[in-house]
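Notes follow once the structure below has been shown.
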There are 2 protein chains.
Amino acid sequence: MTDINNQDREADAEAQPSRKEAVGDELVRQGIELLFFAYRDFTAEPDAILDQYGFGRAHHRVVHFVGRHPQMTVGELLDILRITKQSLNRVLGQLVRQGFIVQHRGAQDRRQRLLELTTSGRELEHRLSEPQRARIAASYRKAGAPAVDGFRKVLLGIIADDEDRRRFEPAPPGQR
Amino acid sequence: MTDINNQDREADAEAQPSRKEAVGDELVRQGIELLFFAYRDFTAEPDAILDQYGFGRAHHRVVHFVGRHPQMTVGELLDILRITKQSLNRVLGQLVRQGFIVQHRGAQDRRQRLLELTTSGRELEHRLSEPQRARIAASYRKAGAPAVDGFRKVLLGIIADDEDRRRFEPAPPGQR
DNA sequence: CGAAATAAGTCAATATGACTGACATAAATA
DNA sequence: TATTTATGTCAGTCATATTGACTTATTTCG
């Protein structure tokens with residue numbers, strides 16, 4: 001098989017280096033590919049498990065976020081996933097009908113449907129996240145704490161939305 | 001809007017700390033979400049551009065890898081993308097018919113179709129990658145070189161395949 | 001109070017990207 | 001020559017997403 005790596009690195013890159021501390025184009029392009037390959041492999045194992053249930057990646061995302069944020073509303077889930085209500089509804093409806101998620105009305109606002117995993121929902125979440133947790137934990141262990149910190153910093157910088165970045169801030173002080 | 005962040009961090013995590021230097025469960029779960037949010041935002045801008053052409057994310061991936069590895073074969077592209085020949089062919093066929101990619105027979109092996117971007121293919125590639133390069137470069141600049149190094153280390157650790165990891169190794173010494 | 005806005009759900013039509021399976025052609029290789 | 005390999009293609013299916021229109025229940029605002 002031809003060696004795909006065999007090419008000019010940094011070929012005519014930085015012909016006009018920008019004023020403000022240019023980041024090497026090759027380094028940036030490798031970043032793009034690292035994200036692609038990591039995400040591809042990161043989702044491959046859960047995808048195989050989902051198949052057994054007749055579910056897809058969308059179900060995984062719903063189960064993940066509901067698991068992490070019990071009592072979240074449908075609207076919050078829509079904000080996070082950035083999909084339409086109709087798209088979510090098919091997936092969420094299946095999970096509810098098959099007993100992985102329960103909905104109940106909000107106490108203050110009775111229009112809201114608060115979402116929560118059932119026991120089998122938690123089992124499913126655990127099975128799905130297991131390979132991902134293992135993969136990340138192994139990589140974290142191998143790379144070491146400073147690298148993990150850099151990983152987090154760079155990914156946070158890539159995330160566009162302030163609201164979403166805030167999810168990863170240390171817990172606010174006065175929040176017993 | 002309810003504060004989704006308001007929850008127990010590290011709740012009953014590490015009840016049985018493993019022998020081999022456990023990585024905090026909360027840290028790992030945040031890693032999962034960081035990847036999700038970063039990938040979501042990383043693909044949003046190119047997706048909007050692709051819409052203008054009537055293309056999807058699959059076209060982006062093909063244009064990206066052919067751009068980076070001129071003269072690559074269809075088989076190599078299949079290996080990288082991990083999709084079926086039939087899936088690739090629809091997308092690749094459109095790109096060829098619309099003049100973004102040219103194919104020509106391999107010199108040694110005439111069964112192969114070597115892929116290459118045309119001038120408009122390179123333009124398309126550039127338009128699509130521009131927001132991604134900008135996003136990564138900005139994040140790299142802000143996070144600094146050691147963080148970038150950690151980012152790369154951790155992502156490399158997440159990538160499953162040896163073959164794919166090798167793409168990111170420094171160019172082998174004796175390879176003038 | 002009553003009108004407007006909001007949260008959620010639904011129906012219908014459509015597109016994209018992926019899959020499996022079967023098969024065809026040309027070229028290289030054993 | 002027979003087999004394997006690289007590529008392409010036909011047909012059918014499925015999951016995920018879209019837009020647009022509309023309903024119901026509930027909250028909020030003038």
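A, B, ... follow the sequence lines: proteins, then strands. Residue 1 opens every chain.
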Is a side-chain donor-acceptor pair under 3.5 Å present for Q30(A) with R167(B)?
no

Describe the nucleic acid contact of Q108(B) in one word from base, sugar-phosphate, nothing, applying a heavy-atom distance below 4.0 Å.
sugar-phosphate

Nearest-nucleotide pick for K85(A), side chain only, options being dT16(D), dT10(C), dT26(D):
dT10(C)

Rounded off to whole Å, could you give me the CZ-to-C1' distance for the F55(B) and dA15(C) pair?
15 Å

So, does T84(B) get its side chain near the phosphate of dA18(C), meaning an N or O under 4.0 Å from OP1 or OP2?
no

Looking at H59(A), does any N or O in its side chain come under 4.0 Å of the phosphate oxygens OP1/OP2 on dA15(D)?
no

Separation of dG8(D) P from L95(B) CG (nearest whole Å):
13 Å

Where the side chain of V74(A) is concerned, which of dA27(C), dG9(C), dT7(D) is the nearest nucleotide?
dG9(C)

Does dT16(C) have OP1 or OP2 sitting under 4.0 Å from an N or O in the side chain of R61(B)?
no

Separation of L88(A) atom CG from dA17(D) atom C1', in whole Å?
12 Å

Measuring from the side chain of N89(B) (C-beta onward, heavy atoms only), which nucleotide among dT9(D), dG17(C), dT7(D) has the closest atom?
dT9(D)

Length of the line joining R111(B):CZ and dT7(D):C1', which is rounded to integer Å
9 Å

Close side-chain approach of F37(B) and R165(A), heavy atoms under 4.5 Å:
no

Between atom CD in Q86(B) and atom C1' in dG21(C), what is the gap in whole Å?
8 Å

Find which nucleotide of DNA chain D each of G106(A) and G56(A) is nearest to by heavy atoms, and output the residue with the more 5' nucleotide.
G56(A)

How long is the straight-line distance from CZ of F151(B) back to CG of L156(A), given to the nearest 0.5 Å?
11.5 Å

Presence of S87(A) side-chain N/O under 4.0 Å of dT16(D) phosphate oxygens OP1/OP2:
no

Within the 4.0 Å heavy-atom criterion, would you say Q94(A) contacts the bases, only the backbone, or no part of the nucleic acid?
nothing

More 5' along DNA chain D: R105(A) or R57(A), using each one's nearest nucleotide?
R57(A)

What is the minimum heavy-atom distance between Q132(A) and T43(A), and which atoms define it?
NE2-CA, 4.3 Å

Run the salt bridge (Lys or Arg N to Asp or Glu O under 4.0 Å) test on R29(A) and E26(A) for me, step by step, so that the C-alpha distance in whole Å, both residues' side-chain angles and the decisive distance to 0.1 Å come before the verdict.
CA-CA 5 Å; R29(A) 288 183 183 273; E26(A) 172 58 24; over 6 Å; no

Whole angstrom is fine here: how far is it from CD1 in I83(A) over to P in dG9(C)?
13 Å

Whole-Å gap separating C1' (dT6(C)) and CG (D79(A))
13 Å

Separation of dT29(C) atom P from D109(B) atom CG, nearest Å, is 6 Å

Does dG9(C) have OP1 or OP2 under 4.0 Å away from a side-chain N or O of Q103(A)?
yes

